[in-house]
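Working notes for the structure below.
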Number of protein chains: 2
Amino acid sequence: MRELSIGEVAREAGVPASTLRYYEKAGLLPAPPRRSGQRCYSEAVFGRINLIRLALEAGFTIGETRVFLSGFSEQTPPAARWRTLAARKLEEVNALMDRAQRMKSLLETSFRCRCLRLEDCEKFLRTAKRRQGASC
Amino acid sequence: MRELSIGEVAREAGVPASTLRYYEKAGLLPAPPRRSGQRCYSEAVFGRINLIRLALEAGFTIGETRVFLSGFSEQTPPAARWRTLAARKLEEVNALMDRAQRMKSLLETSFRCRCLRLEDCEKFLRTAKRRQGASC
DNA sequence: CTACGAGTTAAAGTGCACTTCAAGTCAAGC
DNA sequence: GCTTGACTTGAAGTGCACTTTAACTCGTAG
């Protein structure tokens, strides 16, 4: 299997080397073996990096992402702690999608309509807050 | 129209008073008239606060939110700058929803399946990254 | 008159996710 | 042997969105 320096991993993954070191110190990336002091990665690291980026971009903190990842690497069935986190995060992700959807509606509507006063769009907002589909 | 102190607004809107002052200094909330030095809000402030929270929760920065709000309050047709921002942000919101959807799929799948090794789920991830619906 | 709670300000502090810096190590090329 | 470039470390710095602090002013109740 191909062996990669931190610079190569950084280039291919599109993540700064400093970030990879940071993830390692934070416990998100396992410390790879060293060749004369330098990190020597296998290609498997890319999958791990993708998981980390996905989790962080979905709103996980570093600490939560660590638990999330540990849930995958344990040999035992998913730890209760991980399942709890996953369930809670699923709700958060749902809430995030809700907000994003509302913002999206608001942006799209504001392209179509020509509210001259903020108040009008606040009315839209109040409607959009609970159910979407109001006209402005 | 009802006049409200910063404390009342804070309580009813569920936002700390310090945050309202911060929004004012940042140019997100218009400075309300003062009664013997103290801020005297009208109920209209709640709509504005809702807009701000929605924008921030959808990933707008403070600066972007300021432009976004100014687009609504101008008497002229939407400023070009605002339309540009809105278009760009619409794309970002779409990307955010994409990532959230992938994270959601990943979380839901990891509830259903029992990956014993991280690698298996990385395979899922790679599939999920482009199109969703892979089985683990 | 005094005490109190709620408000005011500028300025400093916080937590997160990185990023940059300073000083040093290492292998390869000239 | 010396230089170069990529790497190493711990520590300090950055940007954002607040939050806390310190010292102060008000209006009202007792």
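Residue numbering restarts at 1 for every chain, and letters A, B, ... go by the order of the sequence lines.
Looking at B/R66, its side chain does come within 3.5 Å of a backbone N or O of B/A26 through a donor-acceptor pair. Between the side chain of A/S105 and the main chain of A/Q101, a donor-acceptor pair closer than 3.5 Å is present.
In this structure B/K104 satisfies the salt bridge (charged side-chain N to carboxylate O under 4.0 Å, His left out) test with no other residue, sequence neighbours excluded. Under the salt bridge (charged side-chain N to carboxylate O under 4.0 Å, His left out) criterion, B/E8 pairs with no residue at all, not counting sequence neighbours. Residues satisfying the side chain to side chain donor-acceptor pair (under 3.5 Å) criterion with B/Q38, sequence neighbours excluded, are absent altogether. For A/F60, the ring pair (Phe, Tyr, Trp, His ring centres under 6.0 Å) partners are A/F68, not counting sequence neighbours. Taking A/Y23 as the reference, A/R53 meet the side chain to side chain donor-acceptor pair (under 3.5 Å) condition, with sequence neighbours excluded.
Under 4.0 angstrom from either OP1 or OP2 of C/dT20 there lies no side-chain N or O belonging to A/S18.
Mapping heavy-atom proximity under 4.0 Å, the span of DNA chain D touched by chain B runs 5' to 3' from D/dA17 to D/dG27.
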In residues 27-36 of chain B, what donor-acceptor pairs under 3.5 Å come from side-chain atoms, sequence neighbours left out?
unit_1: B/R34; atom_1: NE; unit_2: B/P32; atom_2: O; d: 3.3
unit_1: B/R34; atom_1: NH2; unit_2: B/E24; atom_2: OE2; d: 2.8
unit_1: B/R35; atom_1: NH2; unit_2: B/E3; atom_2: OE1; d: 2.2

Next on the checklist: Each nucleotide in nucleotides 6-12 of chain C should get exactly one letter: B, S or -. Can you fill that in based on protein heavy atoms under 4.0 Å?
Outcome noted: -SBB---

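Listed by first and then second residue, the salt bridge (charged side-chain N to carboxylate O under 4.0 Å, His left out) pairs that reach into residues 10-21 of chain B are B/R2-B/E12, sequence neighbours excluded.
Axis orientation changes by 30° from one end of the helix from C/dC1-D/dG30 to C/dC30-D/dG1 to the other, with each end axis drawn from 5 pairs and the value rounded to 10°.
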